[in-house]
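Please read the structure below before turning to the comments.
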2 protein chains.
Amino acid sequence: MMTAKRSATAEKILQLSAELFAKKGYDALSLRDIANACEMKAPSLYNHFKDKETLYRAVLQTVFAQESPQLLSCFQTGESPEVQLKSFIHKACLAVSKDSIFSSLFLRELLSSEGQHIQFLAEEVMAETCQAIHDVLVKIEPKCDSHFMTTSLVGLIVFQFQMNKMRPFMSGSEPKHTEVAYITEQIESMIFNQIAAIKTT
Amino acid sequence: MMTAKRSATAEKILQLSAELFAKKGYDALSLRDIANACEMKAPSLYNHFKDKETLYRAVLQTVFAQESPQLLSCFQTGESPEVQLKSFIHKACLAVSKDSIFSSLFLRELLSSEGQHIQFLAEEVMAETCQAIHDVLVKIEPKCDSHFMTTSLVGLIVFQFQMNKMRPFMSGSEPKHTEVAYITEQIESMIFNQIAAIKTT
DNA sequence: GTCTATAACGAGATAGAC
DNA sequence: GTCTATCTCGTTATAGAC
């Protein structure tokens with residue numbers, strides 16, 4: 001599916017507003033804020049996008065499309081399924097830790113009451129990546145519930161990094177808990193221990 | 001800490017607006033929407049709450065306070081730590097599946113850019129429950145990272161039930177994946193398999 | 001007094017005219 | 001790209017009902 005070629009300013013609007021949509025959410029973010037970040041006036045945005053909703057959908061599409069190839073590449077190597085999965089976990093954790101735009105937008109949509117974008121996200125944007133995780137899990141251990149493990153993996157990655165904001169106020173939290181390497185290692189451990197447990201039954 | 005005694009209408013406003021705040025989010029929900037649900041006019045709300053922000057904070061407090069005793073009771077039995085943790089997982093999953101107000105508000109706050117309420121939630125509202133999980137995990141397996149396991153458990157519960165909206169559009173999803181009993185069982189399995197794996201090292 | 005509704009304000013929103 | 005119409009927001013002032 002080809003995405004329409006965009007002008008340079010349209011690209012600029014997309015990139016800058018993606019960050020703002022992720023940070024403040026659809027309703028709290030005004031077109032003026034976006035225009036401000038782009039060094040233009042709000043009505044000028046209408047030269048590039050039909051309305052706020054259209055801009056937002058374009059943001060969803062491009063943000064997820066940017067991450068997707070990187071993540072999919074993990075599964076296109078000659079390595080064993082186990083190694084492929086591990087490298088995916090590492091790359092996904094790194095991506096989410098570097099900027100949370102991806103995961104913030106995803107979580108916001110998951111919370112949204114009007115489920116308009118849920119289907120779009122699932123089928124058009126995340127399908128390939130989730131399918132790849134799904135397939136590699138089946139290869140590693142056919143007996144496992146690969147759908148549930150896929151959602152658990154995605155959930156842990158998305159949630160644990162969001163939790164970094166709250167950890168300072170929680171008991172038992174240590175500095176290491178906010179480190180990418182440590183979180184990655186722990187999530188990897190949970191997933192592979194679960195697989196191992198199923199394997200031996 | 002005593003909470004101020006509230007009138008019947010104030011309680012009604014709290015209950016009805018909690019649902020709406022969870023569903024639409026702080027910014028998207030107008031005082032007129034709330035008033036509508038309560039069968040009153042917007043300005044009348046000001047007889048019961050100073051402003052929107054105050055109402056919202058009261059909502060956070062009461063919603064979490066309602067769930068808290070139920071969940072804490074799991075840890076106040078004479079049962080073994082393992083049984084206590086299992087009964088907590090069951091009760092928490094059931095609570096989240098019955099109404100997602102609790103977990104929606106929590107996730108929304110976790111996403112919020114202004115972290116004003118994060119500390120409040122962590123220290124005033126969720127601290128007791130998280131501490132109880134933390135303690136029981138230490139009892140079961142002192143070698144485990146109980147902080148990380150606590151957040152993983154909370155994250156899995158909150159996330160997996162939110163995912164039910166998206167599952168219909170994902171490959172590999174079956175009807176059982178949206179059932180409370182099945183999700184509960186799977187989360188329990190992940191947590192206890194992780195504990196078992198740590199125990200044997 | 002206690003709670004309610006009506007009217008209206010100023011700020012800030014989207015979006016269409018120019 | 002700018003101007004501006006129109007709408008909706010949170011909030012206040014005020015006056016009437018129980």
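Just so it is clear: chains get the letters A, B, ... in the order the sequence lines come, proteins before strands, and each one is counted from 1.
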I need the [atom1]-[atom2] distance between [X] and [N], as an integer number of Å.
X	N	atom1	atom2	answer
A:Leu45	D:dG1	CG	P	10 Å
B:Arg6	C:dT2	CZ	P	18 Å
B:Met40	D:dT11	CE	P	15 Å
A:Leu55	C:dA13	CG	C1'	15 Å
B:Phe49	D:dG10	CZ	P	15 Å
A:Ile34	D:dG1	CD1	C1'	17 Å

>> Test of understanding: with side chain to side chain contact (heavy atoms under 4.5 Å, CB included), list the residues that count as partners of A:Gln70, not counting sequence neighbours.
In response: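 Per chain and number, A:Gln70 pairs via side chain to side chain contact (heavy atoms under 4.5 Å, CB included) with A:Lys91.
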
> Taking only residues two or more places apart in sequence or in another chain, which ones pass side chain to side chain donor-acceptor pair (under 3.5 Å) with A:Gln15?
Replying inline: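 Side chain to side chain donor-acceptor pair (under 3.5 Å) list for A:Gln15, sorted by chain: empty.
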
>> Can you list everything that forms a side chain to side chain donor-acceptor pair (under 3.5 Å) with B:Glu109? Sequence neighbours excluded, please.
In response: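 Expected list: B:Tyr56, B:His117.
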
> Using a distance-only test with no angle check, is there a side-chain donor-acceptor pair under 3.5 angstrom linking B:Tyr182 and A:Asp145?
Replying inline: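 Yes, because at least one side-chain N or O of B:Tyr182 sits under 3.5 Å from a partner of the opposite role on A:Asp145.
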
>> Looking at B:Ser44, I'd like to know whether one of its side-chain N or O atoms comes within less than 4.0 Å of OP1 or OP2 on C:dC3.
In response: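 For C:dC3, neither OP1 nor OP2 has a side-chain N or O of B:Ser44 closer than 4.0 Å.
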
>> Under the rule for salt bridge (charged side-chain N to carboxylate O under 4.0 Å, His left out), what residues qualify as partners of A:Asp99, not counting sequence neighbours?
In response: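 Once residues adjacent in sequence are excluded, A:Asp99 has no partner under the salt bridge (charged side-chain N to carboxylate O under 4.0 Å, His left out) criterion.
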
What pairs of nitrogen or oxygen atoms, one from the protein and one from nucleotides 14-18 of chain C, lie under 3.5 Å apart?
residue, atom, partner, partner atom, Å
C:dT14, OP1, A:Leu31, N, 3.1
C:dT14, OP1, A:Lys52, NZ, 3.2
C:dT14, OP2, A:Leu31, N, 2.9
C:dA15, OP2, A:Tyr46, OH, 2.6
C:dA15, OP2, A:Lys52, N, 3.3
C:dA15, O5', A:Tyr46, OH, 3.3

Under 3.5 Å, side-chain donor or acceptor atoms of residues 161-169 of chain A against the rest of the protein: list the pairs with distances, not counting sequence neighbours.
residue, atom, partner, partner atom, Å
A:Gln162, NE2, A:Ser104, OG, 3.2
A:Asn164, OD1, A:Arg167, NE, 2.8
A:Lys165, NZ, B:Leu110, O, 2.6
A:Arg167, NE, A:His177, O, 3.4
A:Arg167, NH1, A:Gln160, OE1, 3.4
A:Arg167, NH1, B:His147, NE2, 3.1
A:Arg167, NH2, A:Gln160, O, 2.7
A:Arg167, NH2, A:Gln160, OE1, 2.6

